[in-house]
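Worksheet: the structure to be examined is printed underneath.
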Amino acid sequence: MGDMNIMLFHSTYGLRPAVHAAADRLRAAGHQVQVPDLFEGRTFETVEEGMAHQDEIGRDELLKRAVLASAPHSDQGLVYAGFSFGGSVAQHLALADEKARGLLLLHGTADLDEGASVDGLPVQLHIADPDPFEPHDWLTAWYLRMQRAGADVEVHSYPGAGHLFTDPDLEDYDAEAAGQAWKVAIGFLDAL
């Protein structure tokens, strides 16, 4: 199968080497991957710095940048994907795009807009367990809301892994969890 067109959004750290490495991994599996830079070249060493920058730009502007980056590709039916903050961006776009083919969330989810509705959108979430940014109660509520919205959701959790466990440059990195997550994610993309 393969050959999905994927929009892959970076985390609050910005467009760092790990994001390009992930894109290369997906390309090697036969997919086209775009990696928009929502921070216009800025990268950060800590979550706090990244979040401060996010707040400075503002949620609406960040979503606008994401929509503008995706628009030229959206006719083909995109798979939206993202890491942590990028996952929340990907989720917003996927739920608003009736041509979306799938949603791949790594380490992050977002609240759903009232009345969000999709027609069986395939969604896969990979999350650390426990994850300080995605508490169990939140994830349970998120899962139920996604199902109510009509998404076809699977959640894969990784006990003991750090929040951004797929990023080899961070303390959160967990090689075993990352390897497993990528294997499952690529299987998910191949099945779309």
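Because only heavy atoms are used, hydrogens play no part in the values below, and waters and symmetry mates are left out as well, while side chains stay in. Along the sequence shown, residues are numbered consecutively beginning with 1. Source: prediction; values computed, not measured.
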inquiry  = Connecting only ILVMFWY residues whose side-chain heavy atoms lie within less than 4.5 Å of each other, what is the rest of Leu68's hydrophobic cluster?
reply    = none
message = Could you check whether any side-chain heavy atom of Thr43 comes within less than 4.5 Å of a side-chain heavy atom of Glu49, counting everything from C-beta outward?
response = no
key: Minimum heavy-atom distance Ala185-Gln124, with the two atoms named   = CA-OE1, 3.2 Å
ask   = Residues two or more places apart in sequence or in another chain: which of them pass side-chain contact (heavy atoms from CB on, under 4.5 Å) with Val67?
value = Leu93
query = side-chain hydrogen bond (donor to acceptor under 3.5 Å, both in side chains) with Trp182: which residues, sequence neighbours excluded?
reply = none
side-chain hydrogen bond (donor to acceptor under 3.5 Å, both in side chains) against Gln147, all qualifying residues, sequence neighbours excluded = Tyr143
ask   = Does the side chain of Leu8 come within less than 4.5 Å of Gln34's, by heavy atoms?
value = no
ask   = Which heavy atom of Pro135 sits nearest a heavy atom of Pro132, and at what distance?
value = CD-O, 4.4 Å
key: Same apolar cluster (I L V M F W Y, side chains within < 4.5 Å links), Leu139/Leu103   = yes
ask   = Which pairs, with at least one residue in residues 76-87 and sequence neighbours excluded, count as a salt bridge (charged side-chain N to carboxylate O under 4.0 Å, His left out)?
value = none
ask   = Applying salt bridge (charged side-chain N to carboxylate O under 4.0 Å, His left out), which residue pairs with at least one partner in residues 30-46 are found, sequence neighbours left out?
value = Glu40-Arg65
task = Give a yes or no on whether Tyr158 and Val123 share a hydrophobic cluster (residues Ile, Leu, Val, Met, Phe, Trp, Tyr; joining criterion: side-chain heavy atoms under 4.5 Å apart).
result = no
request  = Not counting sequence neighbours, which residues clear salt bridge (charged side-chain N to carboxylate O under 4.0 Å, His left out) with Arg27? List them please.
outcome  = Asp24
ask   = Side chains of Leu164 and Val47: does their closest heavy-atom pair fall under 4.5 Å?
value = no
request  = Apply the test side-chain contact (heavy atoms from CB on, under 4.5 Å) to residues Gln91 and Met146: give CA-CA distance (whole Å), side-chain angles for both, the deciding distance (0.1 Å), then the verdict.
outcome  = CA-CA 10 Å; Gln91 180 185 309; Met146 286 294 273; 4.2 Å; yes
ask   = Does CD belonging to Glu98 count more than 12 external heavy atoms closer than 6.0 Å?
value = no
message = For the CG atom on Asp119, are there more than 12 heavy atoms of other groups (residues, nucleotides or ligands in this structure) within a distance under 6.0 Å?
response = no
task = Using the ring-ring contact (aromatic ring centres under 6.0 Å, His included) rule, collect all pairs that involve residues 51-77, keeping only residues at least two apart or in two chains.
result = Phe39-His53, Phe44-His53
query = Any side-chain heavy atom of Phe188 within less than 4.5 Å of one from Leu104?
reply = yes
ask   = Same cluster for Leu189 and Val35 if Ile/Leu/Val/Met/Phe/Trp/Tyr side chains link at under 4.5 Å?
value = yes
message = Suppose the criterion is salt bridge (charged side-chain N to carboxylate O under 4.0 Å, His left out): which pairs have a residue in residues 125-149, not counting sequence neighbours?
response = Asp111-Arg145
ask   = Between Gly108 and Leu125, what is the shortest heavy-atom contact and its length?
value = O-CD1, 3.9 Å
message = For a 4.5 angstrom cut-off between non-hydrogen side-chain atoms, does Leu112 reach Trp142?
response = yes
ask   = Would you say the side chain of Asp113 lies within less than 4.5 Å of the side chain of Leu95, judging by non-hydrogen atoms?
value = no
query = Mind checking what makes side-chain contact (heavy atoms from CB on, under 4.5 Å) contact with Pro130, not counting sequence neighbours?
reply = none
request  = Check Ala181 against Thr166 and note the closest heavy-atom contact, atom names and distance.
outcome  = CB-CG2, 4.5 Å
List, one per line, each side-chain donor-acceptor pair under 3.5 Å for residues 10-17, sequence neighbours excluded.
unit_1	atom_1	unit_2	atom_2	d
His10	NE2	Leu38	N	3.0
Ser11	OG	Tyr13	N	3.1
Thr12	OG1	Gly50	O	3.4
Thr12	OG1	Met51	N	3.3
Thr12	OG1	Gln54	OE1	2.3
Arg16	NH1	Asp167	OD2	2.4

message = Are Leu170 and Phe133 linked, directly or through intermediate hydrophobic residues, by side-chain heavy-atom contacts shorter than 4.5 Å (ILVMFWY only)?
response = yes
Name every donor-acceptor pair, under 3.5 Å, that has one atom in a side chain of residues 75-85 and the other anywhere in the protein, sequence neighbours excluded.
unit_1	atom_1	unit_2	atom_2	d
Gln76	OE1	Asn5	ND2	2.4
Tyr80	OH	Asp97	OD2	2.6
Ser84	OG	His163	NE2	2.8

query = So, do Ile186 and Arg25 sit near enough that their side-chain heavy atoms are less than 4.5 Å apart?
reply = yes
ask   = Should Val89 and Val153 be regarded as members of a common hydrophobic cluster, given that ILVMFWY residues are connected when their side-chain heavy atoms come within less than 4.5 Å of each other, either directly or indirectly?
value = yes
request  = Of all the heavy-atom pairs spanning Ala161 and Ala177, show the shortest one and how long it is.
outcome  = CB-CB, 4.1 Å
request  = Work out which heavy atom in Ala94 is nearest to a heavy atom in Leu121; give both atom names and the distance.
outcome  = CB-CD2, 4.1 Å
key: Interatomic distance, Leu63 atom CG to Ser70 atom OG [nearest 0.5 angstrom]   = 10.0 Å
inquiry  = For a 4.5 angstrom cut-off between non-hydrogen side-chain atoms, does Pro36 reach Met7?
reply    = yes
